[in-house]
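All remarks here apply to the structure that follows.
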Protein chains: 2
Amino acid sequence: MFSKACEYGIKAIIYIATQSLSGTRVKIGDVANNSGSPEAFTAKILGTLTKHNIVNSHTGPYGGFEISSKQMKQVKMRDIVEAIDGDTIFNGCGLGLNECNHEQPCPMHHKFVKVREEIKTMLTTTTIYDLATEYKSGKTVLMR
Amino acid sequence: MFSKACEYGIKAIIYIATQSLSGTRVKIGDVANNSGSPEAFTAKILGTLTKHNIVNSHTGPYGGFEISSKQMKQVKMRDIVEAIDGDTIFNGCGLGLNECNHEQPCPMHHKFVKVREEIKTMLTTTTIYDLATEYKSGKTVLMR
DNA sequence: TATATTTAAGATATTTTTGTCCAAAATAAA
DNA sequence: TTTATTTTGGACAAAAATATCTTAAATATA
């Protein structure tokens, strides 16, 4: 469904946000250890998300990553997925046709529409804050 | 969503089935040309599907691929997807955790369940025959 | 039986994704 | 200003997915 990069990005963001809720800025090593994602690769992904203003980074001592409460509440999961994986999952044809729409649909088009809408809904109605608070309260896990 | 291999496999099967409806056995080159899939790669994928008894192959002159009406009506899209991509899309965790369930869910688990059920429903309620007849009647396209 | 045709299978090549490593840039604090 | 710390960015490496090529096996027909 999502690329590995996207999975790592989402998990990293949830961990960073959770720490930010307590006012703690976290280093990449800490993020990797607590989100179960490879450090260097995750650093790259966070670089992308930083450029998209989804997370904030600070170099130097006492630096690291953080997410403001405003960001957390505004940024949807969809923004993260789109920043990393692009919009293929939302708009691409299920069978890979370059163009596919109601007028000239691929054989699975009509069935696919429903699934894609479900995915869009799921990702646009969920904010970083939603998942971070649940994670912080221990209802969900990031590693296993 | 699906791998390229799976996309090619589905398109190839729909084309073969459509031709089988007219009693025509088709060669791999014909399949590739009419389904917009790379020939050699598609041949490999059809080899897999042949082993899974989703399609029948015949070597030698007048050989090629065909699908019986019985097969067409019995085989679900889910069978094709599972034969090629495995069951990760149906049972795997959306964030890549090795285990993830209602008791110890990843942060996206509950939201994901709905999407996965939608995908399962879509693929288990659709047979090859369904898509082949629609394609044959010109309602859908395989290339663009 | 000989020949032509077609899929099957194995080796190999290419591209993309995933992942690591290291030096440079930024920065906080002594 | 110097030093230690941290992200950033680029080069590089490994693995997986995608794709091709070539030969072998099967088979229909003359």
Side-chain angles (χ1 to χ4, degrees), chain A residues 1-13 15-16 19-20 24-33 35-67 81 83-86 88-89 92 95-96, chain B residues 1-13 15-16 19-20 24-33 35-67 81 83-86 88-89 92 95-96:
Chain A
M1 180 88 75
F2 302 139
S3 67
K4 280 285 163 197
C6 194
E7 291 176 2
Y8 297 152
I10 292 172
K11 291 194 294 180
I13 288 293
Y15 178 72
I16 295 168
Q19 294 303 106
S20 290
T24 308
R25 189 181 278 180
V26 286
K27 293 187 263 297
I28 185 63
D30 191 17
V31 173
N33 290 151
S35 66
S37 309
E39 184 169 325
F41 193 32
T42 304
K44 290 268 190 264
I45 298 158
L46 287 177
T48 300
L49 296 177
T50 299
K51 281 184 197 120
H52 278 80
N53 284 302
I54 287 170
V55 63
N56 311 113
S57 68
H58 300 270
T59 56
Y62 300 89
F65 296 91
E66 69 190 1
I67 303 178
V81 172
I84 301 172
D85 281 350
T88 305
I89 194 172
L95 295 185
Chain B
M1 182 85 77
F2 302 138
S3 68
K4 280 285 162 197
C6 194
E7 291 175 2
Y8 299 152
I10 293 172
K11 291 194 292 179
I13 288 294
Y15 178 71
I16 295 167
Q19 293 304 105
S20 290
T24 309
R25 189 182 276 179
V26 286
K27 293 187 263 297
I28 184 63
D30 191 17
V31 173
N33 290 153
S35 67
S37 309
E39 185 168 325
F41 193 32
T42 303
K44 288 269 191 268
I45 297 158
L46 287 177
T48 300
L49 296 178
T50 299
K51 280 184 198 120
H52 279 81
N53 284 301
I54 288 170
V55 64
N56 310 114
S57 68
H58 299 270
T59 56
Y62 300 88
F65 296 91
E66 68 189 2
I67 304 178
V81 172
I84 302 172
D85 282 350
T88 306
I89 194 171
L95 295 185

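What you see is a predicted model, and the numbers here were worked out from it, not measured in a lab. In the text below, chain A, chain B and the rest are named by the order of the sequence lines, each starting its count at 1.
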A/Ile45 CD1 to C/dT17 P: how many Å, rounded?
13 Å

Using 0.5 Å steps for rounding, measure from the OG atom of A/Ser35 to the CD1 atom of A/Ile10.
11.5 Å

The residue, A/Ser3 or A/His58, whose nearest nucleotide of DNA chain C is more 5′ is A/Ser3

Between B/Ser37 and B/Thr42, which heavy-atom pair has the shortest distance, and what is it?
CB-OG1, 3.1 Å

Between A/Ser20 and A/Glu66 the two heavy atoms that sit nearest each other are OG-CA, 3.4 Å

Could you pull out the closest heavy-atom pair between A/Val26 and A/Gln19, with the gap in Å?
CG1-CG, 3.5 Å

Does C/dT7 have OP1 or OP2 sitting under 4.0 Å from an N or O in the side chain of B/Thr50?
no

For nucleotides 19-22 of chain C, which of its nitrogen or oxygen atoms have a protein nitrogen or oxygen under 3.5 Å away, and what is each distance?
residue : atom : partner : partner atom : Å
C/dG19  : OP1  : A/Tyr8  : OH           : 3.1
C/dG19  : OP2  : A/Tyr8  : OH           : 2.8

Give the minimum heavy-atom separation between A/Val55 and A/Leu46, together with the two atoms involved.
CG1-O, 4.0 Å

Closest-nucleotide ordering on DNA chain D, the 5'-leading residue of A/Gly47 and B/Cys6:
A/Gly47

Round to the nearest Å and state the distance from A/Ile84 atom CD1 to C/dT17 atom P.
14 Å

How would you give the extent of chain A contacts on DNA chain D, as first and last nucleotide 5' to 3' within a 4.0 Å heavy-atom cut-off?
D/dA4 to D/dA11

Looking at CZ of A/Phe65 and OG1 of A/Thr50, how far apart are the two atoms once the value is rounded to the nearest 0.5 Å?
5.0 Å

Hey, what do you get for CZ (B/Phe2) to CD1 (B/Ile84), rounding to the nearest 0.5 Å?
10.0 Å

With a non-hydrogen cut-off below 4.0 angstrom, is A/Ile28 in contact with a base, only sugar-phosphate, or nothing?
sugar-phosphate

Could you check how far CG of B/Asn56 sits from P of C/dT7, rounded to whole Å?
13 Å

Could you measure the distance from the NZ atom of A/Lys44 to the CG atom of A/Leu49? Nearest 0.5 Å is fine.
13.5 Å

